[in-house]
There are 2 protein chains.
Amino acid sequence: MIPIADRMAHIQPFYVMDLLAKARRLEAEGRSIIHMEIGEPDFITPAPIIHAGEAALAAGETHYTPAKGLPALREAIAGFYAGSYGVDIDPARIIVTPGASGALQLVMSVLINPGESVLMADPGYPCNRHFVELVDGKPVCVPVGADTGYQLTAEIVEAAWRPDTKAVLVATPANPTGTLLTLEELTALHDTVSSLGGLLVVDEIYQGLIYDAVGGTALSIADDIFVINSFSKFFGMTGWRLGWLVAPEAAVGPLDRLAQNIFLAAPTLSQHAALKAFEPEVLEILEARRVEYLQRRDFLLPALREMGFELPVTPQGAFYLYANCEAVTDDSHAFAEALLEEAGVAVTPGRDFGFNRPEAHLRFAYTTSLPNLEEGVARLRKFNRL
Amino acid sequence: MIPIADRMAHIQPFYVMDLLAKARRLEAEGRSIIHMEIGEPDFITPAPIIHAGEAALAAGETHYTPAKGLPALREAIAGFYAGSYGVDIDPARIIVTPGASGALQLVMSVLINPGESVLMADPGYPCNRHFVELVDGKPVCVPVGADTGYQLTAEIVEAAWRPDTKAVLVATPANPTGTLLTLEELTALHDTVSSLGGLLVVDEIYQGLIYDAVGGTALSIADDIFVINSFSKFFGMTGWRLGWLVAPEAAVGPLDRLAQNIFLAAPTLSQHAALKAFEPEVLEILEARRVEYLQRRDFLLPALREMGFELPVTPQGAFYLYANCEAVTDDSHAFAEALLEEAGVAVTPGRDFGFNRPEAHLRFAYTTSLPNLEEGVARLRKFNRL
Ligand SMILES: Cc1ncc(COP(=O)(O)O)c(C=O)c1O
Ligand SMILES: Cc1ncc(COP(=O)(O)O)c(C=O)c1O
């Protein structure tokens, strides 16, 4: 018997992993499975980034970097904000991390005392609440619905605020809903959170993966917002484990101190490769991929709606569709299991994203080719008719 | 003003970073600096591992892996224990992590409740106490000296035990002292810790870097020991951020759950490259490096002793010499600063390693070539005479 810490009672696994494991088993048995459960690009990393990785290997770049990251990469990230959003960020405020995961962990660990709470949207990215649980804070999963585009608003935050609330975490575009916050909405959130004496954390990991809307960054609003980002999704670099954090100047010292101690540094090779990520030739590849995601969304979304799945808000970003499936089933988990086993289509049941009517929701990821999506939809139609 | 969490008051930076920064500044001004402060191999990663990394890049291995790591790598690690130490480990007990750092974080976060204490040797690896502080546990830095080879013993642990003690963390070989624990000593530690109802965690990151002694693994003693390891030091892969953890079977579920949430996975490319780490051609390169470290130690150790530094125990592993410098200075920090500025030699003052008479100690790392060490010693001699 190993006496496990109490916090682990609040840290759930990704339930979809069981489903994924079952999918892999079925595939090993020769079954064809259409994967719409996977939260990462199907594309591999753009070739120029891979080549930069090869060059770094050939140059023997295999030692630790500074904890905050290669100065050249931090400058490249600052250059990206200047070039893409016209926002001037001092590279001194940028900390390169092992993925957005590392950035989320740093922020929550540096800000949250045991017992302090963090407000976040439910449904939301499952790890968010666990970064808070890790340091014995209290994640407050606030139910949100289609009426606010599945996002927290200034009003919701004000109503949900508690004496122990220290911070509010939002994501735009969001996982699992693919919905955005406009700069106006973010500004209102920031005003409210600030007036309540709290801090705003904005996860922009799906920045760049935006379809018929205009993108932005919370950094254009104020200097005291914590902004999280990553090379994982838009840049197609999930396996490289590289992200970043832009922090208010006063927080950089403690964040650096913690990063030094718990990470030492982000992977060196990944940092050298990512130096190429903002180059025009890469951005061109990423734009072509964005257009492809858009085509996939524009195929999958109406197809789902036609089958009786409800998506009252058109998701404008990321690569997810979060569908209300009440018209089709009253148990999304059982539905997903049956769909996988009987029809060979893998999707993610709501359960992984929180406590806000998960049984009534399914997440469809369009991280597979259009032909695959077409086949998936055909199977879904057949399954759904039974 | 950003309200920072209380735990950050207990998390110190690596003080040597300021020294390193000053060293780099001096180098930029054209000064020659001999680096004996750096805690990583000067060698780059062995060529076969680099080539495996290149092959993985060419094959487009850029997606996330399972949270516990590639099954093939976990099997290779099990194979390494079988081949090198004759110990049979179920790969199911092996979790691949972002460095030993990731493994240390997982273990402490999964085991330690706020207020629970972890005993560790002082001097010791500075991050150890911070992994405990991160989750609001209490690191208890137990002073150890030359009489026990700077290691905790069963007797010391018994005397230091507190009602809130949950675990004991040791390292063999250790940083900063380079000293070992024999399997007999580890067995006695394990017996005592178990009889007191606690858990033993053994950091074997410098395993393989052992000179005139026989190596071993705590895994040969019992199944309920947490063993931490890494590709960083012996395998020369610091920048790849890859390590592993062998855990008691009952702890694997919670550890996996936490790894899923806070890391997602270790870097993919690093995992593919590390598949080559245990191959004979790599082990041959590593053996040649081990012999070179040994030569360096055998040059530096007597040279330091001759100058009046005291090293009552001959360090048998890692690449560090932890010297008592009382005969030379009563302020190791000021000495290190002057040594850098006036003589162009960088070493690490005791301050980074705990609270046990840090002003009386300096760490010399032999992570630079023999000619560099010779030059460093010549400068040190000249400086010391003044
Ligand atoms: C909203 C959100 N934030 C953060 C992450 C973490 O990604 P990474 O650590 O790969 O950057 C993810 C991954 O799925 C995500 O969906
Ligand atoms: C004793 C000890 N443990 C763990 C680590 C962490 O190393 P890594 O995360 O690179 O594996 C170090 C690094 O210096 C160390 O000296």
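What you are looking at is a predicted structure, and each value in this text was computed from that prediction instead of being measured. Letters A, B, ... are given to chains in the order of the sequence lines, protein chains preceding strands, and every chain is numbered from 1.
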- prompt: Do you know which of A:S270, A:S109, A:G236 has the most heavy-atom pairs under 4.5 Å to chain B?
  reply: A:S109

message: Counting only non-hydrogen atoms closer than 4.5 Å, does A:Q260 touch chain B with its backbone (N, CA, C, O), its side chain (CB onward), both, or neither?
response: both

query: If you count heavy-atom pairs under 4.5 Å with chain A, which of B:A47, B:A250, B:P41 comes out on top?
result: B:P41

- request: Below 4.5 Å from any heavy atom of chain A, which atoms of B:F14 appear? Answer side chain, backbone, both or neither.
  value: both

- line: Under 4.5 Å to a heavy atom of chain B? For A:D136 that would be side chain

Heavy-atom proximity to chain B below 4.5 Å, by part of A:R241: side chain

- prompt: Run the side-chain contact (heavy atoms from CB on, under 4.5 Å) check on A:T268 and A:T62 step by step: do they pass?
  reply: CA-CA 6 Å; A:T268 301; A:T62 64; over 6 Å; no

query: Is chain B contacted by the side chain of A:H130, its backbone, both, or neither, given a heavy-atom distance below 4.5 Å?
result: side chain

query: Can you check side chain to side chain donor-acceptor pair (under 3.5 Å) on B:W240 and B:T45, steps first, answer last?
result: CA-CA 9 Å; B:W240 301 74; B:T45 302; 2.9 Å; yes

B:A266 versus chain A, the contacting section by heavy-atom distance below 4.5 Å: backbone

query: So which part of A:P66 gets closer than 4.5 Å to some heavy atom of chain B, the side chain, the backbone, both or neither?
result: neither

message: Quick check on A:D256 against chain B: is it the side chain, the backbone, both or neither that has a heavy atom closer than 4.5 Å?
response: neither

message: Using the ring centroid of each side chain, check whether A:F319 and A:Y206 are separated by less than 6.0 Å.
response: yes

message: Can a side-chain donor-acceptor contact be found between A:T368 and A:D42 if the only test is distance below 3.5 angstrom?
response: no

Residue A:M237 versus chain B: region with a heavy atom under 4.5 Å: backbone

message: For A:Y64, which atoms come within 4.5 Å of any heavy atom of chain B: side chain, backbone, both, or neither?
response: both

field: Contacting region of A:P98 [heavy-atom separation from chain B under 4.5 Å]
entry: neither

statement: If one checks every heavy atom of A:L199 against chain B at 4.5 Å, the contacting part turns out to be side chain

query: Are side-chain N/O atoms of A:R351 and A:Q12 paired as donor and acceptor at under 3.5 Å?
result: no

- request: Would you mind checking which part of A:M17 comes under 4.5 Å of any heavy atom in chain B, side chain (CB onward), backbone (N, CA, C, O), both or neither?
  value: side chain

task: Would you mind telling me which of A:I205, A:L104, A:T238 makes a side chain to side chain contact (heavy atoms under 4.5 Å, CB included) with A:S230?
output: A:I205

